[in-house]
2 protein chains.
Amino acid sequence: MHENRLELMDADVQQSLKLFVVLSRASKTLMDYAQHDMKHYQLNPSEFAVMEMLYHKGSTPIQQIGGKVLLASGTMTYVVDKLVNKGYIKRRPCEQDRRVIYAELTEEGERVMTAIFPKHAAAIHESMRGLTADEKQQLIELLKTLGQSATSPE
Amino acid sequence: MHENRLELMDADVQQSLKLFVVLSRASKTLMDYAQHDMKHYQLNPSEFAVMEMLYHKGSTPIQQIGGKVLLASGTMTYVVDKLVNKGYIKRRPCEQDRRVIYAELTEEGERVMTAIFPKHAAAIHESMRGLTADEKQQLIELLKTLGQSATSPE
DNA sequence: TAATAATATCTTGAATACGAGATTAATTTA
DNA sequence: TAAATTAATCTCGTATTCAAGATATTATTA
């Protein structure tokens, strides 16, 4: 009696729900995989994302970092504090605009990311070994389209 | 100097990282969309997932629910408590095995899910309007493969 | 110039999640 | 049957996140 509630739905809607579930699972699996790798470096996903952005972009205003890695401002303070305590980044007030504070890697932070990042990238790459380059490219295109359609005005 | 750190990497690895980012974003966008819809019914994603499972499977041991919707046992207690307080589900001890406790929808819970679920399904479906049925099918297959490769033995 | 609006960061409180350990019950072993 | 093991749930402490509000600074406007 319960089982066929799903079967009574429109087939297209069923397919969308199926995709939703598969997307959730695949995403969670990959995130767990990445998180597990980060644990080797004593970093959680938010911390790693901030470190990675600073590693690739250099000194950046805290707010810009939050916008890029999709973290709320309160979260940014928390994450930056933790990374400062670890000695990986430092705050540097902007001289032109004293509302702004830059975050940037310390020498220690640079050193750590230089050691860590290639390993982490390799781990991510390894987690996707089930797909060919062509399949990955297809996935990238399809996911981009999906992401856009879910964002744009209802 | 910072920008081309990425460019120095192997192209295949770069592609995998790109896919990782696109997957994260698409997933987050869809989850945010779904969460926004659930808010109309005063339910968060974990609560909705539990309700949905009970709606489709009927009375189920709490641990099994946790396994299916990927929540830790401590979290299950918390979520079940909240749904019980809302009057949507109830606990029922198993008579054969007194370690086991079933959760099941109350009449109110049944009523609410019958009203809510089709609307939620329609919202999910709508969020994916940017893809054709064929594209969705491709995505489903590719994501399944990806999810498996990230799970299987390192 | 004074008042207002906008911007960036930080503070605080609530919600959510996990993990370790406690509790209770069932099952297996000696 | 007693002890040990396994299993299911719950309790408690901690971590992470967001949202709303507070504070400080800059930009705009009257």
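Every chain is numbered from 1, with letters handed out A, B, ... down the list of sequences.
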Exercise for review: Let me see the working for B:L43 and B:Y88 under side chain to side chain contact (heavy atoms under 4.5 Å, CB included), right down to the final yes or no.
Suggested key: CA-CA 11 Å; B:L43 294 170; B:Y88 291 165; 4.1 Å; yes
Check your understanding: Of the residues in residues 36-47 of chain B, which ones touch DNA chain D at a heavy-atom distance under 4.0 Å?
Key -> none
Review point. Is there side-chain contact between A:Y33 and A:M38, with at least one heavy-atom pair below 4.5 Å?
Key: no
Check your understanding: Under 6.0 Å between the ring centres of A:H56 and A:F117?
Key -> yes
Review point. Shortest non-hydrogen contact from A:V13 to B:A121?
Key: CG1-CB, 3.7 Å
Review point. How would you give the extent of chain A contacts on DNA chain D, as first and last nucleotide 5' to 3' within a 4.0 Å heavy-atom cut-off?
Key: D:dA15 to D:dT26
Check your understanding: Want to settle it: does A:L71 or A:D97 sit nearer the 5' end of DNA chain D, counting the closest nucleotide to each?
Key -> A:L71
Review point. Are B:L54 and B:S59 close enough, and set up right, to give a side chain to side chain contact (heavy atoms under 4.5 Å, CB included), and what steps lead you there?
Key: CA-CA 6 Å; B:L54 295 179; B:S59 190; over 6 Å; no
Check your understanding: Does A:K86 NZ have over 12 foreign heavy atoms under 6.0 Å away?
Key -> yes
Check your understanding: In terms of side-chain geometry, is the basic nitrogen of A:E110 or B:R5 positioned less than 4.0 Å from the acidic oxygen of its partner?
Key -> yes
Practice item. For A:A34 and A:I124, work out which heavy atoms get closest and say how close. Key: CB-CD1, 3.7 Å
Check your understanding: Should B:V50 and B:M76 count as side-chain neighbours, where that means a heavy-atom distance under 4.5 Å?
Key -> yes
Revision key, fill the gap. Under a 4.0 Å heavy-atom criterion, DNA chain C is touched by chain A from C:dA6 to C:dT11
Study note, to complete from the structure: All heavy atoms of A:T29 vs all of B:G147, minimum pair found to be CG2-O, 3.8 Å
Study note, to complete from the structure: For residues 130-150 of chain A, the salt bridge (Lys or Arg N to Asp or Glu O under 4.0 Å) pairs (sequence neighbours left out) are none
Revision key, fill the gap. Within residues 57-65 of chain B, those residues having any heavy atom closer than 4.0 Å to DNA chain D are B:I62, B:Q63
Exercise for review: Check each residue of residues 78-91 of chain A for a non-hydrogen atom within less than 4.0 Å of any atom in DNA chain D, then write out the ones that pass by number, or none.
Suggested key: A:Y78, A:K82
Review point. Do A:I101 and A:V80 touch side chain to side chain, with heavy atoms closer than 4.5 Å?
Key: no
Review point. Charged N to carboxylate O under 4.0 angstrom, A:D81 versus A:R91?
Key: yes
Practice item. For B:K18, look at atom NZ and say whether over 12 heavy atoms of other residues, nucleotides or ligands are found less than 6.0 Å away. Key: no
Review point. Pick the nucleotide of DNA chain D nearest each of A:T75 and A:Q96; which residue has the one closer to the 5' end?
Key: A:T75
Review point. Taking the six-membered ring for Trp, are B:H120 and B:F48 ring centroids under 6.0 Å apart?
Key: yes
